[in-house]
Amino acid sequence: MSIDTESEHAAHGGHDDGHHEPPEVVDGRQKMGVWLFIGGDMIGLSAILFTFLYLRGVNTDGHWMSMWGYTGHPYSYYYNILDVKGGSIPNATLIKVGPLSAGLNWFVTVLTVLSAGIIWMAERGLRATKNVKSYTTMAGIATAVTILSIVYGIIQLQHIPQIFTAHNDSLTMAYTAYDSAMMAVDGSVVIHLFILAFLGLGLTIRSARGVINGTKWYQARLVRLFWVWVAISSVIASLVTTTVNTIH
Amino acid sequence: MTTTLEHTKTASIPQGGGLARRQNFLTGLIGGAIFAWLFWFLAHHFLDATSRTWSDEVAASVTLGWIIGFWLGIGALNAPGRWLIGKNNTRADDLYLAGQGQGKSRYWKFTTDHKVVGVQYIIMTMVLLGSGGILAMAIRTELIVPGNHFVNQQVYNGFIAVHGMLMILALIVAVAGPWGNFVMPIMCGARDMAFPRLNALSLWTLVGAAALLLTTLAVGSLTMGWVVLEPIANQAGVGMDFFAMAIIVFTVSTTVAGVNTICTVLTMRTKGMTLSRLPIFVWGAIIAAALGLYAFPYFSLVEAMTLMDRTFSTSFFVANAGGEGWLQANLFWLMGHPEVYVILLPAVAALFEIAAVMSRKPVFSYRTAVAGMTGLAGLSILVWAHHMFTTGWAPTLGGPFMLTTELISIPTGLFFLVLIGTLWRGNIWMKLPTVWMFGFIANFIIAGVTGIYLSDIPLDDQLHGTMFVTAHFHYVFVGSVLFGAVAALAFWFPKVTGRYLNEFLGRISFWLVFIGVQVTFLAMFASGLKGMPRRYSSYALIFEHTNFITTIGAYIIMAGMLVLLGAVITSWNKGEPSGPNPWHANSLEWLVPTPPPLENFDVLPVITEDPYNYGEELVRS
Ligand code: HEM
Ligand SMILES: [Cu+2]
């Protein structure tokens, strides 16, 4: 490989000892990194939604939203018959589950969109007015909203019903295919929200300490990119799971 | 170009820093052990008070505790922690993290210098190949004669699964890990990778995953090969939880590494290093990284769902509750087929590089090479169901998938064209890297052609699930990828150590492994053609001879690999000195001193030509 040694020095003006790159260069690189992570995450989201739609599509044995199992008695009742008395348990009944609350689902999504909006506005404000204080406040609010959405996300996960069912002659709790897929979708949302809470807390603390400020706002933008993507993915997930869930 | 960074050579350890500077592999292990125990304790008390034995909940929690503790202990989480509380690294911190002035101990730390990470990947590849190899020898020893002798089927199943997965990990990193880190940034004219800390993270996360994978063997058996198909995966012991978590952790490592590689190539090239002047190896690395970024999310998802089925009683793959086993197979192979090209591409690209340098010619049809690799990557995401031809899933899709699979032979054919075209009428320099390259060419033909047999559905109906398939992909992995990896090792070894990899031992190793591969896997083809099923610890008498031959061949391969190991160990410190550019190559990694100083370049070079103009100057003048 041929190297032009003269322009080498001309370009650099001699020895550059600290090897510092201009911040825009570093920033552009990090932005690309965030975009690539988002790209990977898009594959993840589409795989989860594929799972949801696939299981609904095949509707194995008609069990997308139902399962043979037991209701009417507490777990210990069946456990006693089966394990303690060594007897056989009564015939299972077909237990149907309905779609989960779309309202709760959308509530979490709206909170996520709200926090994304706040973090975006905060960044625009910071870049326009250079006012760090209001950025810190807004980032703090966005973080608080995210924590709230985590709480509701977990409540949502806890609402997914389990069914007593017999499996290889022992009683287990199980989820239907629909509920399993919802576990995956909602679980993934909650994991993403945890990441946002971490990032939001970081932005709040960093801007309060002046590490992020009116001239150094690159990290605010990086986090915002990811934040907006999480909000969009949450909307997509809610759209899919609340509109095409039952089988007619 | 030849001036060194004096200050990095004589530099002392940067001052400052607290406890974090005491962290190393050992503290990582201690952290992992403590957290694994802590999570075990908590899980036992809160999730599983009734059962005394290990439950899946407890096992999954332990694996989570292990990786968190390991990360904490080795210092992987320091940077996010410092970021959170609003601190930035100083230049001294960064130099410390890069290993400045720390001698050999930096190889045992969360060190960010890409050259250190590269060497760590060499060691890691050897560890993975070594442990996978021991299992391979155990498997072949069991199969030397019919009947069960050393292990029962249950233990054997575990051996097969862990051997397979260890080798997959080993080969995913075998070329991209060492050389994608050690030489690729220098080839681009960069001072380091785009994200040095993420680079260290990907290496040590791989270590954490490998530890989980090896533990699988100790805690309980798996019931199936590396694909751990459902519903069998649901019936396996707690080893399956470790296995699934190992893969999830591993995908973190590959994702981070993939993002890092792509960003490095796209944003860190020096002035004048246009995309068409990139050494061809860089193209292979970046295409494989992009393909990995696409493929591995499926892998973590499918293993996460397997874990959920086992621990939270979800029903993704449980048919009597509305799930479906084919879903697992689809998600697995959506990852699985692209992944084999994540493995293959860096090795092929390294061989293009070697072929050009060792025949003193430019890469033949550079653009075709790039197009072939890109085409292969693109096509490879459309062929996954050829692994499911006989499962009964969507028979109507058989035709289309057969077509896409057979189309794969076009880009694969281009690889041969590029390699042979580069060597054609070249002034071929028969040194160790070249020798292993020729081994690749021979073996890869057999590997590719048998792949076409398997893509033919009527034939696959006969051959699926037999040792024929096993022989096919071992021709790819051992015969081709491993040969490419050794060629790359022999080629860049002088850059790492300043010494040649011992030519004599290297050639003995070559002949042993080359002959061993033919003996082992040709006989294995024969077993398969006679109908011997894969993954059984015993077999009928008609398979006796071919299996005996295969086992003998495996021992020959092992002997060859041990000779290679001997060559690496003896050459590392005592080999014949090579100088900075033993192959008289033109790409940047050869123009910096050996070993390259911290941050590689004193002054960044400006590139005016592609790296392959061997002899063109003579012609022109
Ligand atoms: C011309 C190129 C190739 C074609 C047409 C091809 C085709 C196939 C087909 C149809 C199968 C499924 C066989 C069965 O299970 O019944 C298969 C298995 C396999 N192939 Fe290839 N192959 C090709 C090249 C490769 C390459 C380059 C690699 C690796 C880098 C590879 C790795 C594998 C592996 C790992 C399996 C077995 C997976 C398992 O069941 O455990 N193949 N191949
Ligand atoms: Cu395949």
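In the text below, chain A, chain B and the rest are named by the order of the sequence lines, each starting its count at 1. Side-chain atoms are counted along with the backbone in the values below, which use heavy atoms only and exclude waters and symmetry mates.
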> Among B/Tyr298, B/Phe316, B/Trp83, who wins on heavy-atom pairs under 4.5 Å with chain A?
Replying inline: B/Trp83

> So which part of B/Val302 gets closer than 4.5 Å to some heavy atom of chain A, the side chain, the backbone, both or neither?
Replying inline: neither

> Would one find more than 12 heavy atoms of other residues, nucleotides or ligands at under 6.0 Å from atom CH2 of A/Trp35?
Replying inline: no

>> Testing the basics here: between B/Ser315 and A/Ser180, what is the closest heavy-atom pair and its distance to 0.1 Å?
In response: N-OG, 2.7 Å

> Taking every heavy-atom pair that is under 4.5 Å apart, which of A/Leu199, A/Ile212, A/Ile160 has the most such pairs with chain B?
Replying inline: A/Leu199

>> If we define contacts as heavy-atom pairs under 4.5 Å, which of B/Asn320, B/Val256, B/Thr255 has the most with chain A?
In response: B/Asn320

> Side chain, backbone, both or neither: which part of A/Arg209 has an atom under 4.5 Å from a heavy atom of chain B?
Replying inline: side chain

> Which one of A/Asp41, A/Leu55, A/Val25 has the most heavy-atom pairs closer than 4.5 Å to chain B?
Replying inline: A/Leu55

>> So for B/Leu331, is it side chain, backbone, both, or neither that comes closer than 4.5 Å to the heavy atoms of chain A?
In response: side chain

>> Regarding B/Glu599 and B/Arg91, does a basic nitrogen lie under 4.0 Å from an acidic carboxylate oxygen?
In response: yes

>> For the residue pair A/Arg206 / A/Asn213, report whether a side-chain donor-acceptor contact shorter than 3.5 Å exists.
In response: no

>> Using heavy-atom distances under 4.5 Å, tell me whether B/Leu293 contacts chain A through its side chain, its backbone, both, or neither.
In response: both

> If you measure only the distance, is there a donor-acceptor pair under 3.5 Å linking the side chains of B/Asp94 and B/Asn89?
Replying inline: yes

>> Tell me if the CZ atom of A/Phe52 is crowded by more than 12 foreign heavy atoms within 6.0 Å.
In response: yes

>> Taking every non-hydrogen pair under 4.5 Å, which of A/Gly33, A/Gly210, A/Gly44 racks up the most with chain B?
In response: A/Gly33

> If you look at every heavy atom in B/Leu84 and A/Gly202, which pair is closest and at what distance?
Replying inline: CD1-N, 3.5 Å

>> Taking side chain as everything from C-beta outward and backbone as N, CA, C, O, which of these in B/Phe317 sits under 4.5 Å from a heavy atom of chain A? Side chain, backbone, both or neither.
In response: neither

>> Using heavy-atom distances under 4.5 Å, tell me whether A/Phe50 contacts chain B through its side chain, its backbone, both, or neither.
In response: side chain

> Would you say the side chain of B/Phe312 lies within less than 4.5 Å of the side chain of A/Gln162, judging by non-hydrogen atoms?
Replying inline: no

>> Using a strict threshold of under 4.0 Å (side-chain N to carboxylate O), is an ion pair present between B/Asp610 and B/Arg277?
In response: no

> With only heavy atoms counted, which part of A/Ile48 is less than 4.5 Å from chain B, the side chain, the backbone, both or neither?
Replying inline: both

>> What part of A/Tyr54 gets within 4.5 angstrom of chain B, counting heavy atoms only: side chain, backbone, both, or neither?
In response: side chain

>> So which atom in B/Asp113 and which in B/Ala98 form the shortest heavy-atom distance, rounded to 0.1 Å?
In response: CB-O, 3.2 Å

> Measuring heavy-atom distances to chain B, does A/Met67 have an atom under 4.5 Å in its side chain, in its backbone, in both, or in neither?
Replying inline: side chain

> Which bit of A/Gln219 comes within less than 4.5 Å of chain B, counting heavy atoms only: side chain, backbone, both or neither?
Replying inline: side chain

